[in-house]
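Just below is one structure, and these are the notes that go with it.
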Amino acid sequence: MSEQSMKIGYIVDRDLKRNPHLTKRFEFREATFTRRISSRGDKVYSKMLQFPIDYEEIIGNANIMKDNPKIILVREPFLIDDDLRNRVTKWVNWANTVDRKEYDPFV
């Protein structure tokens with residue numbers, strides 16, 4: 001996969017109590033990014049993110065989910081490939097239809 005076609009993904013977790021007009025708690029988003037390597041570090045910039053993030057962090061987040069099929073990171077950006085996109089999309093669709101205690105061990 002070339003650098004130009006790579007995208008980052010992000011799962012938005014919305015508070016339905018604060019936003020009663022919303023029907024789905026989770027939303028999967030993906031966007032292109034710009035990678036800038038300088039003496040200050042290796043950063044990723046995207047219109048989807050409010051601030052730049054370390055490139056190694058998005059790679060690490062993707063690897064966490066690839067290495068652990070039962071883990072989905074929410075509110076953390078990650079590098080997308082086709083397999084991860086499919087898995088995350090399925091999880092978002094599932095999580096929006098079940099009770100919170102099905103996916104959240106802290107409830």
Side-chain angles (χ1 to χ4, degrees):
M1 183 183 294
S2 69
E3 192 80 37
Q4 290 80 15
S5 65
M6 293 180 9
K7 292 185 175 186
I8 54 174
Y10 189 84
I11 299 174
V12 179
D13 181 5
R14 298 183 248 181
D15 186 354
L16 297 181
K17 290 181 183 177
R18 286 189 175 169
N19 302 301
H21 63 283
L22 297 174
T23 57
K24 296 180 180 179
R25 178 178 176 133
F26 297 104
E27 177 188 354
F28 172 63
R29 294 181 183 168
E30 63 181 276
T32 58
F33 65 89
T34 302
R35 180 179 177 192
R36 293 187 189 150
I37 302 170
S38 70
S39 60
R40 295 181 180 223
D42 189 353
K43 300 285 185 181
V44 168
Y45 296 80
S46 174
K47 291 180 180 180
M48 182 174 67
L49 303 173
Q50 293 179 347
F51 51 88
I53 191 161
D54 289 331
Y55 181 72
E56 292 301 319
E57 184 174 340
I58 65 167
I59 296 292
N61 289 342
N63 288 336
I64 287 171
M65 291 194 290
K66 287 179 183 182
D67 295 342
N68 304 289
K70 294 185 179 185
I71 293 178
I72 298 291
L73 297 178
V74 177
R75 291 182 280 170
E76 293 290 335
F78 50 90
L79 194 63
I80 282 287
D81 63 16
D82 290 337
D83 293 333
L84 200 50
R85 179 184 297 110
N86 291 335
R87 201 170 113 219
V88 167
T89 302
K90 286 178 186 177
W91 183 88
V92 166
N93 291 334
W94 170 79
N96 281 325
T97 62
V98 299
D99 190 62
R100 185 173 176 179
K101 62 185 171 192
E102 294 288 324
Y103 58 80
D104 190 344
F106 302 107
V107 173

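Numbering starts at 1 and runs along the sequence shown.
- Between Arg25 and Asn96, some side-chain heavy-atom pair lies under the 4.5 Å cut-off.
- Annotation: side chain of Ile72 is in contact with side chain of Arg87 (closest heavy-atom distance under 4.5 Å).
- Cluster annotation: Ile11 and Val98 are assigned to the same hydrophobic cluster (Ile/Leu/Val/Met/Phe/Trp/Tyr, side-chain heavy-atom contacts under 4.5 Å, transitive).
- The two residues Ala95 and Tyr103 have their closest heavy-atom pair at O-CE2, 3.6 Å.
- Hydrophobic clustering (side-chain heavy atoms under 4.5 Å, transitive across Ile, Leu, Val, Met, Phe, Trp, Tyr) groups Phe28 together with Ile71.
- Side chain of Asp104 to main chain of Phe106: a donor-acceptor pair is present (N/O by atom type, distance under 3.5 Å, no hydrogens or angles).
- A 4.5 Å side-chain heavy-atom check between Ile64 and Glu76 finds every atom pair outside the cut-off.
- Residues Tyr10 and Arg75 meet the side-chain proximity criterion, which asks for heavy atoms closer than 4.5 Å.
- Note: the hydrophobic cluster containing Tyr45 does not contain Ile59 (ILVMFWY, side chain heavy atoms under 4.5 Å, direct or indirect links).
- The neighbour count for Arg29 CZ, taken as heavy atoms of other residues, nucleotides or ligands under 6.0 Å away, does not exceed 12.
- The two residues Met48 and Gly9 make their nearest non-hydrogen contact at CE-C, 4.2 Å.
- For the atom pair Leu49 CG and Lys43 NZ, the distance stands at 12.0 Å (nearest 0.5 Å).
- Put simply, CG on Asn61 and CD1 on Ile8 are 10.5 Å apart, with the number rounded to the nearest 0.5 Å.
- With a 4.5 Å cut-off on side-chain heavy atoms, Phe26 and Val88 do not count as touching.
- Considering only heavy atoms from C-beta on, Met6 stays 4.5 Å or farther from Arg35 through its side chain.
- Between the CG atom in Asn63 and the CD atom in Glu56 there is a gap of 9.5 Å [rounded to 0.5 Å].
- Rounded to the nearest 0.5 Å, atoms CZ (Phe78) and CD (Glu30) are 9.0 Å apart.
- Shown here for Ala62 and Leu79, the closest heavy-atom pair between the two residues is CB-O, 3.4 Å.
- With Asp54 contributing its side chain and Glu57 its backbone, the two residues share no donor-acceptor pair below 3.5 Å.
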